[in-house]
There are 4 protein chains.
Amino acid sequence: MRADALRNRSAIADAALRLAGERGEAVSMEDIAREAGVGVGTLYRHFPDRRALLEDIAVDALRELRDATRAEAGRAPAWEALLRIVDHCVALPLSLTKSLLTDEPERAELPELEVEVTSLIAGIVADAQREGDLRADVPPAEAVRVLNVAVCRCGARADDHLTRVVLDGLRVPKNRRPPVWRGDEGRGEGS
Amino acid sequence: MRADALRNRSAIADAALRLAGERGEAVSMEDIAREAGVGVGTLYRHFPDRRALLEDIAVDALRELRDATRAEAGRAPAWEALLRIVDHCVALPLSLTKSLLTDEPERAELPELEVEVTSLIAGIVADAQREGDLRADVPPAEAVRVLNVAVCRCGARADDHLTRVVLDGLRVPKNRRPPVWRGDEGRGEGS
Amino acid sequence: MRADALRNRSAIADAALRLAGERGEAVSMEDIAREAGVGVGTLYRHFPDRRALLEDIAVDALRELRDATRAEAGRAPAWEALLRIVDHCVALPLSLTKSLLTDEPERAELPELEVEVTSLIAGIVADAQREGDLRADVPPAEAVRVLNVAVCRCGARADDHLTRVVLDGLRVPKNRRPPVWRGDEGRGEGS
Amino acid sequence: MRADALRNRSAIADAALRLAGERGEAVSMEDIAREAGVGVGTLYRHFPDRRALLEDIAVDALRELRDATRAEAGRAPAWEALLRIVDHCVALPLSLTKSLLTDEPERAELPELEVEVTSLIAGIVADAQREGDLRADVPPAEAVRVLNVAVCRCGARADDHLTRVVLDGLRVPKNRRPPVWRGDEGRGEGS
DNA sequence: AATGAATGAGCGTTCATTCAT
DNA sequence: TATGAATGAACGCTCATTCAT
């Protein structure tokens, strides 16, 4: 009985993940249930409501990312750890998490995980800066934000070109002075 | 009444723009009408249906961008023209246009404008490559795609840091050989 | 000014008549106004609301029918007068009046006219029965009801075949005893 | 639950039938649902949209009529079979079917049933003509049309008097020559 | 525990009616 | 006075959620 229930639970989560990826996060609960091969009732037995289901998926993805990130933390060169983390991210449906994070999630885990993942990565960024591979004129938190936006908000399938270009933009060229960050940033929401 | 009607029309378009920006493009027509300070009926007098309203906003934004881009085309240095165009883009809600363009828009203008804007920018990119400011190993169309994704799909408020980093990634460093595009690109959907 | 107003009024009534005939009585006020070549405001200046407009048309039609019926009353043979009245009816959009009459009309004229027209025709029917042209076993009021239903509720264009068959059913054959009305009528809503 | 669902389905169909009969076919879905004692959602679970509901009712009515007509076909005297069929018709809300048939129904069954019922009745009419009970100068198809109009378009509750008079108009008087169809029909859409 | 029928609030849209011009 | 823009109640329909089986 437990085994069945578990199987159902993950069938539902998988179905939600798949459909949300394919058709946007507006998929209906009915469709998710059908895709999972269960009735809506079963879906609601496992997840009290739509938000809970979506948050659950997001939590799973973030946990996976946190674990991967923890495994990379401290490994040198940090630059390459960063590359591996990005590679890892692009396989996760992190795009889902954004709207959930801005929207006052029910599960406290969600912002906690975000904070944890963010600071883990910021640490790796700082390491890479210290190792001279990442331009030092970008505060680590900003660099993480840039990476995050690039990887998570840019469509379901991460765009390699974009990712590569962003990383190139962050990287310190090996054989010259770090590029000067252009001017004073002016009108943005602050540098 | 003409003056009032015009005022209403743009109040509605503005409201739609603002709310679609803030809360995603799933805003309800009622909310848009309320935000604009009119009744739903008025909204529907000006825009026959939801799609028409959204497409209208997108067309306005694309037209503005096309005009700005035309004005920049041919100006040297192309690199700086590109910077100005990006600056222009970040103020526009181009994120809206994406789903409309993929979804078989009713208004033929929409894909036409996209093609026009895209090739105008590709021309400027090619100029910048010829002028030695933009790495030549990225095909102009790809560079435009990267910029587009960076600027249009990355949230309602464009992120200056991201933009700058992307541009830095595209730029040819002034005083050294162009960086070698890392390896063979491997697993992406093609370089 | 008065002339214009009158012209507008009848343009609206005509348009309503035409459209209600063509597309059923669910035509929108906007469409009627457009067909009449005026704005909705003008329509509402002449007719306080939709019901008033429809009732007005019905009153006009009934008045015309009353006048025609008055002119026929007393003329012999009554049977032929009846034929002419039916011919007259088929040109009128009396179908409209039914729902208005059952629905508690605002204008008292409407049921009054109906009563008047009905009893005028009943008189002619009675004459025809006296003259031996119409079967005497149908109460005049019933005969009128039958004619009314046949002519008014059977579609926009009156159906000659139906009308003729109904009249043949009512007519006393010239050279034989009146047919006996079949049995006792039994289960109907009363004979 | 199957039993309940079936009960609901027919409660909805019955309610729709009743209300469409009483108040015309413009009844709102909400009203139908309320009359059936269910929520709108339930209504829509059983019938995908308004048209489907109406067509369903019409199909049911036509099927019932077809079965009754088949049972009568070939029975002598055909004239009495016809009477029974008419008796049957008046109990059905066939008036609904007219607008559905003119309006390109979704369900192909609808026009098919109409053709079948129509030709079955035309056969019975022809039999009645052969048996000398129905005037031979009316083409069977026309006679069916007349009956159809009389029975179906003349209000929700069929009018016995009308029906009887129409049938009398169609009937061959037992003891005299068939009446001559009056003149040449003149201005109609052709005799 | 699983099912899917039932529910009803809410969305997009229409249209009779009002009112500013 | 004529216009047509504005209004909002009401409609057809969807879907997250509940509940009887």
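Lettering of chains follows the sequences in order, A, B, ..., and the numbering in each one begins at 1.
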On the nucleotide dT7(E), are OP1 or OP2 found under 4.0 Å from the side-chain N or O atoms that Thr42(D) carries? yes
So which nucleotide from dA16(F), dA5(E), dT14(F) ends up closest to the side chain of Met29(A)? dA16(F)
Select one nucleotide: of dT17(F), dC11(E), dG12(F), the one nearest the side-chain heavy atoms of Ser28(B). dC11(E)
Strictly by Watson-Crick or wobble contacts shorter than 3.5 Å, is anything paired with dA20(E), and which nucleotide is it? dT3(F)
What is the distance from CZ of Arg34(A) to P of dA2(E), rounded to the nearest Å? 19 Å
What contact category does Val40(C) fall into here, base, sugar-phosphate, or nothing, at under 4.0 angstrom with non-hydrogen atoms? base
Suppose we call a contact any N or O donor and acceptor under 3.5 Å apart; does that hold for the side chain of Arg45(B) and the base of dA5(F)? yes
What integer distance in Å separates Glu30(B):CD from dA9(E):C1'? 13 Å
Protein-nucleotide distance (Leu6(B), atom CG; dT21(E), atom C1'), rounded to Å: 14 Å
Between Glu35(D) and Arg18(D), is there a side-chain N and carboxylate O pair less than 4.0 Å apart? yes
Can you work out whether Gly39(C) or Arg50(A) has the more 5'-proximal nearest nucleotide on DNA chain F? Gly39(C)
Please report the shortest heavy-atom distance between Asp31(D) and Arg23(D), naming the atom on each side. OD2-NH2, 2.8 Å
Side-chain ion pair, Asp4(A) and Arg9(A), N-O less than 4.0 Å: no
Specify the closest pair of heavy atoms between Val59(D) and Glu109(D), including all atoms of both residues, with the distance to one decimal. CG1-OE2, 3.9 Å
Report the residue (Arg51(B) or Gly41(D)) whose heavy-atom-nearest nucleotide on DNA chain E is the more 5′ of the two. Gly41(D)
Whole angstroms only, please: what is the CD1-C1' distance between Ile32(A) and dC15(F)? 12 Å
Whole angstrom is fine here: how far is it from CD1 in Ile12(A) over to P in dG4(E)? 13 Å
Integer-rounded Å distance: dC19(E) C1' and Leu43(C) CG: 16 Å
Looking at every non-hydrogen atom in both residues, tell me the closest pair between Ile32(A) and Ile12(A) and how far apart they are. CG2-O, 3.9 Å
Return the value, rounded to whole Å, for the distance between atom OH of Tyr44(C) and atom C1' of dA5(F). 14 Å
Which comes earlier along DNA chain E counting from the 5' end, the contact point of Ala26(C) or that of Arg9(D), where each point is its nearest nucleotide? Arg9(D)
Under 3.5 Å on both distances, the Watson-Crick or G-U partner of dC11(E): dG12(F)
When you measure from the side-chain N and O atoms of His46(C) to the phosphate of dT1(F), is any distance below 4.0 Å, counting only OP1 and OP2? no
Return the value, rounded to whole Å, for the distance between atom CG of Asp4(B) and atom P of dG4(F). 16 Å
Please tell me if Asn8(B) has a side-chain N or O lying less than 4.0 Å from either OP1 or OP2 of dA5(F). no
